[in-house]
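One structure is given below, encoded as structure tokens.
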Amino acid sequence: MAVSKLAQVPKEKLPVHIGLIMDGNGRWAAKRGLPRTVGHKQGADTFGKIVQYCKKLGIRYLTVYAFSTENWKRPPEEIQALMKLLRDYLEELFKHPKEDACLHFLGDKTALDLDIQERMERLERESAGRTGITVNVAFNYGGREEIMHAARQFARDCMDGKCSPDEINEERFSQYLYTKNQPDPDLIIRPSGEQRTSNFLPWQSVYAELVFMDVLWPDFTPDCLDEAILEYLQRARRFGGV
Ligand code: IPE
Ligand code: IPE
Ligand code: MG
């Protein structure tokens with residue numbers, strides 16, 4: 001791996017939490033006259049490389065958008081191919097303790113095949129406590145679904161007498177989200193040229209710096225990540241202050 005352009009940047013200046021919308025797999029494949037599924041396979045390889053690179057940089061949290069609640073609109077063969085990648089690939093990436101990555105899934109697991117749910121839960125259990133990096137894979141994730149799910153849970157807790165509606169505040173509500181106990185993303189990167197967030201982390205991203213890039217996800221390299229972080233370092237984050 002070439003020397004990072006970030007070598008001179010003090011670690012504490014780097015984003016603590018990076019969000020990545022892994023978009024452009026289909027276009028990458030189409031450009032080569034290949035089926036979209038080949039683009040997804042290539043995108044999964046890129047994901048593995050970027051996890052390694054984030055760990056090397058000392059990034060604490062990486063959240064990747066892998067399958068949205070809207071992606072069920074796609075053809076069944078494509079959905080099956082994405083499920084297969086989830087089955088085969090994550091296991092490969094995260095089973096080794098030496099990878100030192102703690103894995104979480106964000107999203108509604110209950111709509112997925114039972115073997116996938118079990119695999120997700122096992123990988124979460126086995127990787128718990130690893131400290132190298134926390135990787136959140138947003139799969140069957142939608143920001144609006146997450147907020148509704150949280151509201152439903154909160155209402156249940158109120159009905160069970162565990163809390164009252166007057167007690168809700170931002171901090172407590174965050175505890176009902178899939179990202180509970182994690183810091184909000186500092187930087188969200190979307191490759192592929194699209195300039196929207198497509199239902200990715202709406203609650204958590206209100207003060208994230210957004211970087212849109214033209215590169216398609218399968219072509220995304222550590223160098224692209226450096227470029228996005230350098231852009232992030234130029235931004236003045238005021239959080240509403242002066
Ligand atoms: C992102 O790539 C992967 C998923 C949404 C699952 P796309 O499949 O959206 O690729 P494009 O946007 O069609 O190129
Ligand atoms: C966003 O990409 C979802 C993921 C990358 C998993 P999409 O390709 O689904 O988003 P739109 O349709 O371009 O907004
Ligand atoms: Mg897309």
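Being a predicted model, the structure only gives us computed values, none of them experimental.
- Judged by distance alone, with hydrogens and angles left aside, the side-chain atoms of R130 form a donor-acceptor pair with the main-chain N or O of A101 at under 3.5 Å.
- The structure places CZ of F220 at 5.0 Å from CG of L225, a figure rounded to the nearest 0.5 Å.
- C102 and A128 get closest at one heavy-atom pair: SG-CA, 4.3 Å.
- Rounding to the nearest 0.5 Å places CG of D23 at 7.0 Å from OG of S198.
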Item checked: From CA spacing to verdict: ring-ring contact (aromatic ring centres under 6.0 Å, His included), Y178, H104 -> CA-CA 9 Å; Y178 298 126; H104 283 288; over 10 Å; no

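- Counting heavy atoms from C-beta outward, W72 and N140 have side chains that approach closer than 4.5 Å.
- The CD atom of E121 lies 6.5 Å from the CD atom of E124; values are rounded to the nearest 0.5 Å.
- Annotation: side chain of R190 is not in contact with side chain of F200 (no heavy-atom distance under 4.5 Å).
- Residues satisfying the side-chain contact (heavy atoms from CB on, under 4.5 Å) criterion with L82, sequence neighbours excluded, are H40, F67, E78.
- Applying the side-chain contact (heavy atoms from CB on, under 4.5 Å) rule to L93 yields the partners F47, Y89; only residues at least two apart in sequence or on another chain are considered.
- For the side-chain contact (heavy atoms from CB on, under 4.5 Å) test, residues two or more places apart in sequence or in another chain that qualify with K73 are E70.
- R122 is linked by a side-chain contact (heavy atoms from CB on, under 4.5 Å) to E91, R119, R125, E126, counting only residues two or more places apart in sequence or in another chain.
- Side chains of R237 and Y232 form a contact here, defined as non-hydrogen atoms less than 4.5 Å apart.
- Here the closest heavy-atom approach between residue L112 and residue D108 is recorded as CG-O, 4.3 Å.
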Could you pull out every donor-acceptor pair under 3.5 Å between side chains of residues 208-218 and any protein atom, sequence neighbours left out?
from	atom 1	to	atom 2	distance (Å)
E209	OE1	R235	NH1	3.0
W217	NE1	G43	O	2.9

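- Here the side chains of T197 and S205 are not in contact, with every heavy-atom distance at 4.5 Å or above.
- Annotation: the span from L62 atom CG to N136 atom CG amounts to 8.0 Å, rounded to 0.5 Å.
- Side-chain atoms of T179 and Y61, non-hydrogen and from C-beta on, never get closer than 4.5 Å to each other.
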Cut-off 3.5 Å, no hydrogens considered: what does the side-chain donor-acceptor table look like for residues 11-22, sequence neighbours left out?
from	atom 1	to	atom 2	distance (Å)
K11	NZ	L57	O	3.3
H17	ND1	P183	O	2.8
H17	NE2	T63	OG1	2.7

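- Across all their heavy atoms, P35 and A29 have their closest contact at O-CB, 3.2 Å.
- Between Q42 and R32 there is no side-chain heavy-atom pair separated by less than 4.5 Å.
- For the pair D45 and K49, the salt-bridge criterion is not met [side-chain N within less than 4.0 Å of a carboxylate O].
- Below 30°, between 30° and 60°, or above 60°: for W203 and F173 the angle between ring planes is between 30° and 60°, a tilted geometry.
- Here T69 pairs with nothing under the side chain to side chain donor-acceptor pair (under 3.5 Å) rule; sequence neighbours left out.
- Remark: side-chain polar atoms of D100 are paired, donor with acceptor, to backbone N or O of T131 under 3.5 angstrom.
- Neither L177 nor I188 shares a network with the other; the hydrophobic side chains, linked directly or stepwise wherever heavy atoms of I, L, V, M, F, W or Y lie under 4.5 Å apart, form separate groups for each.
- Both L187 and V135 are members of a single hydrophobic cluster when ILVMFWY side chains are connected at heavy-atom separations under 4.5 Å.
- Here L86 contributes atom CG and L123 contributes atom CG; the two are 9.0 Å apart, rounded to the nearest 0.5 Å.
- In summary, the side chains of Y65 and N199 do not present any donor paired with an acceptor at a separation below 3.5 Å, with no hydrogens or angles considered.
- With sequence neighbours excluded, no residue satisfies ring pair (Phe, Tyr, Trp, His ring centres under 6.0 Å) with F105.
- In this structure, L85 stands alone, with no Ile, Leu, Val, Met, Phe, Trp or Tyr side-chain heavy atom under 4.5 Å from its own, directly or through other members.
- The pair E99-K55 meets the salt-bridge criterion, since a charged nitrogen lies less than 4.0 angstrom from a carboxylate oxygen.
- When hydrophobic clusters are built by joining Ile, Leu, Val, Met, Phe, Trp and Tyr residues whose side-chain heavy atoms come closer than 4.5 Å, directly or via intermediates, F94 is grouped together with I50.
- Listed by first and then second residue, the salt bridge (charged side-chain N to carboxylate O under 4.0 Å, His left out) pairs involving residues 136-157 are D157-K162 (not counting sequence neighbours).
- Side chains of D223 and K5 form a contact here, defined as non-hydrogen atoms less than 4.5 Å apart.
- With sequence neighbours left out, K180 forms a salt bridge (Lys or Arg N to Asp or Glu O under 4.0 Å) with no residue at all.
- Hydrophobic clustering of Ile, Leu, Val, Met, Phe, Trp and Tyr side chains at less than 4.5 Å, counting indirect connections, unites I133 with I229.
- By the side chain to side chain donor-acceptor pair (under 3.5 Å) test, D219 pairs with W28, sequence neighbours left out.
- Of all heavy-atom pairs between A66 and F139, the closest is CB-CD1, 3.9 Å.
- Annotation for F154 and S164: closest pair CZ-O, 3.8 Å, computed over non-hydrogen atoms.
- In this structure, G240 and Y207 approach most closely via the heavy-atom pair N-OH, 3.6 Å.
- Taken from CD in Q182 to OG in S174, the straight-line distance is 11.5 Å, to the nearest 0.5 Å.
- Inter-residue side-chain proximity for M83 and D113 is flagged as unmet; no heavy-atom pair is nearer than 4.5 Å.
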